[in-house]
Protein chains: 2
Amino acid sequence: MTQTAFRSGCPINLGLEMFGDKWTLLIIRDMMFAGKRHFREFLASDEAISSNILSDRLAMLVGAGIVTRAGDPSHKLKAIYSLTEKGIDLLPIIAQISRWSRSYMPVDPVLAATGEARDKGGPGAIEAQMAELRRVHLGEG
Amino acid sequence: MTQTAFRSGCPINLGLEMFGDKWTLLIIRDMMFAGKRHFREFLASDEAISSNILSDRLAMLVGAGIVTRAGDPSHKLKAIYSLTEKGIDLLPIIAQISRWSRSYMPVDPVLAATGEARDKGGPGAIEAQMAELRRVHLGEG
DNA sequence: CGCAAGTGCTTGCATTTTGCAATCAATGGA
DNA sequence: TCCATTGATTGCAAAATGCAAGCACTTGCG
């Protein structure tokens with residue numbers, strides 16, 4: 001079982017097979033907007049992900065090349081999770097989900113603020129945030 | 001059980017609670033790109049959704065105001081599903097998922113063509129497609 | 001009329017995934 | 001030594017999914 005077969009080669013379907021669930025993109029969100037990098041930090045989200053699901057999703061994301069896992073030099077038990085370029089490139093999707101929800105769902109105004117600022121910043125705001133993520137997660141140049 | 005409680009008021013989370021699964025956006029995709037409007041048409045997708053899941057998702061989408069259901073004048077048993085503005089506004093999300101998958105997943109070139117054309121058409125291409133969906137699904141002007 | 005094909009589903013049941021609480025071994029700081 | 005912290009794992013109940021069949025009804029055709 002090196003590679004599972006996909007239901008179809010449709011781009012939408014392939015994306016959904018990768019992150020089409022209720023948790024995966026929340027982990028990415030926490031890495032992008034909350035600066036979370038450690039297992040226990042992800043566990044502490046508002047949505048209360050369970051540790052077994054988190055463990056499963058992190059392993060999947062690492063296996064898919066969306067996230068990398070490295071040891072923390074300061075603590076041998078500590079793992080640091082970082083976004084890859086493939087992961088950082090999920091930001092436009094997340095930004096669109098945010099935009100849609102802010103139009104049609106009962107969002108918390110406080111939590112919606114960052115998305116509103118991003119929309120107000122125009123197309124350059126997303127690119128700027130991606131550049132910042134590259135700096136933090138892919139190492140400075 | 002009129003309204004389930006949400007896990008959090010975060011825009012990303014609320015979006016995922018609505019369509020964060022492996023099937024919902026595929027139904028929307030079929031309405032947007034394949035012109036499907038009938039139950040049996042959705043059943044015939046490449047990904048082979050089962051009828052009970054399809055039934056569940058269509059009811060959810062109607063309940064959420066993303067899709068409407070109407071009887072077909074030509075056939076009393078026939079139901080026509082239409083996108084609402086709320087549903088049509090999912091197109092930018094789907095377009096971004098398509099873009100990401102075409103960059104990082106083994107997409108079928110034939111199925112990727114429409115997404116590539118849309119990207120090549122620039123920002124106006126999405127708006128044009130949304131306008132066309134409004135014409136077909138929300139009634140002509 | 002009689003009957004097959006087509007309509008949107010529903011029902012049972014096995015399998016898989018999720019949710020939740022408890023637990024674990026290893027580490028580091030005191 | 002003592003104990004909180006680390007990234008998980010385990011066991012088990014509940015929910016979701018997948019699959020095959022079936023259902024009530026309508027339409028079209030002879």
Side-chain angles (χ1 to χ4, degrees), chain A residues 1 4-8 13 16-28 30-31 34-64 66-83, chain B residues 1 4-8 13 16-27 30-31 34-64 67-83:
Chain A
M1 57 117 156
T4 53
F6 295 115
R7 300 181 300 187
S8 85
N13 174 64
L16 292 177
E17 290 207 45
M18 182 63 66
F19 49 76
D21 72 275
K22 305 214 180 299
W23 293 113
T24 301
L25 288 184
L26 288 188
I27 298 173
I28 304 296
D30 283 348
M31 297 185 80
K36 298 186 182 178
R37 310 290 292 269
H38 301 293
F39 194 91
R40 299 266 169 173
E41 292 178 316
F42 296 122
L43 268 189
S45 69
D46 283 350
E47 294 86 8
I49 190 172
S50 341
S51 60
N52 53 350
I53 311 268
L54 174 59
S55 184
D56 178 86
R57 292 304 189 281
L58 283 172
M60 184 275 287
L61 287 169
V62 169
I66 292 173
V67 159
T68 56
R69 191 198 130 111
D72 187 324
S74 77
H75 195 307
K76 284 187 180 172
L77 283 183
K78 232 170 180 174
I80 301 186
Y81 294 94
S82 303
L83 290 166
Chain B
M1 56 113 155
T4 52
F6 295 115
R7 299 181 300 187
S8 86
N13 175 64
L16 292 176
E17 292 206 45
M18 182 62 67
F19 48 76
D21 71 274
K22 304 215 179 301
W23 292 113
T24 301
L25 287 184
L26 287 188
I27 298 173
D30 282 348
M31 296 186 81
K36 298 186 181 179
R37 309 291 291 269
H38 302 293
F39 194 91
R40 300 262 173 177
E41 291 178 317
F42 297 122
L43 269 190
S45 70
D46 283 350
E47 295 85 9
I49 190 172
S50 7
S51 61
N52 53 351
I53 310 268
L54 174 59
S55 183
D56 178 85
R57 293 304 189 281
L58 282 173
M60 184 274 287
L61 287 169
V62 169
V67 158
T68 57
R69 189 198 131 110
D72 186 324
S74 78
H75 194 307
K76 284 186 181 170
L77 283 183
K78 231 171 183 173
I80 301 187
Y81 293 94
S82 303
L83 290 166

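Just so it is clear, the values below take in all heavy atoms, side chains as well, and ignore hydrogens, waters and symmetry mates. Each chain gets a letter, A, B and so on, in the order its sequence line appears, and its residues count up from 1.
- Listed here is the closest heavy atom pair of B/Lys36 and B/Glu41: NZ-O, 3.2 Å.
- Put simply, CZ on B/Phe39 is 13 Å from C1' on D/dC23, counting in whole angstrom units.
- Within the structure, every side-chain polar atom (N or O) of B/His75 is placed at least 4.0 Å from both OP1 and OP2 of C/dG6.
- Both B/Ala48 and B/Arg40 lie close to DNA chain D; mapped to their nearest nucleotides by heavy-atom distance, the more 5′-ward contact belongs to B/Ala48.
- C/dT16 atom P lies 16 Å from atom CZ of A/Arg7, rounded to whole Å.
- In this structure, the NZ atom of B/Lys22 is 12 Å from the C1' atom of D/dT17, given to the nearest Å.
- Out of D/dT26, C/dG28, C/dG8, the shortest distance to the side chain of B/Lys78 is found at C/dG8.
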**OP:** Take A/Arg37 and A/Asp72 through the salt bridge (charged side-chain N to carboxylate O under 4.0 Å, His left out) test and state the conclusion after the steps.
**Re:** CA-CA 10 Å; A/Arg37 310 290 292 269; A/Asp72 187 324; over 6 Å; no
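- In this structure, the CG atom of B/Leu26 is 11 Å from the P atom of D/dG18, given to the nearest Å.
- Taking atom CG on A/Asp21 and atom C1' on C/dT17, their separation rounds to 11 Å, with Å as the unit.
- Of the candidate nucleotides C/dG19, D/dC19, D/dG7, D/dC19 has the atom lying nearest to any side-chain atom of B/Ser50.
- Checking C/dG19, C/dA26, D/dT17 against every side-chain atom of B/Ile53, the shortest atom distance belongs to D/dT17.
- Side-chain N/O atoms of A/Ser55 include one lying less than 4.0 angstrom from OP1 or OP2 on D/dT9.
- The residue among A/Lys76 and B/Leu58 whose nearest nucleotide of DNA chain C lies closer to the 5′ end is B/Leu58.
- Contact detail for B/Leu16 and A/Lys22: the closest heavy-atom pair is O-NZ, 3.2 Å.
- Whole-Å rounding puts the A/Ile80 CD1 to D/dT6 P distance at 13 Å.
- Each of C/dT11, C/dC20, D/dT26 was ranked by its minimum atom distance to the side chain of B/Asn52; first place goes to C/dT11.
- In this structure, the nucleotide among D/dG18, D/dT6, C/dA22 sitting nearest to the side chain of A/Ser51 is C/dA22.
- Remark: C1' of C/dC20 and CD of A/Glu47 are 17 Å apart, rounded to the nearest angstrom.
- Residue A/Arg57 places at least one side-chain N or O under 4.0 Å from the OP1 or OP2 atom of C/dT18.
- Interatomic distance, CH2 of B/Trp23 versus CZ of B/Arg57, reported as 9.0 Å (0.5 Å rounding).
- Computed from coordinates, the B/Leu54 CG to D/dA20 C1' distance equals 16 Å when rounded to whole Å.
- The side-chain heavy atoms of B/Ile80 and B/Arg69, taken from C-beta on, include no pair separated by under 4.5 Å.
- Under 4.0 angstrom from either OP1 or OP2 of D/dG18 there lies at least one side-chain N or O belonging to B/Trp23.
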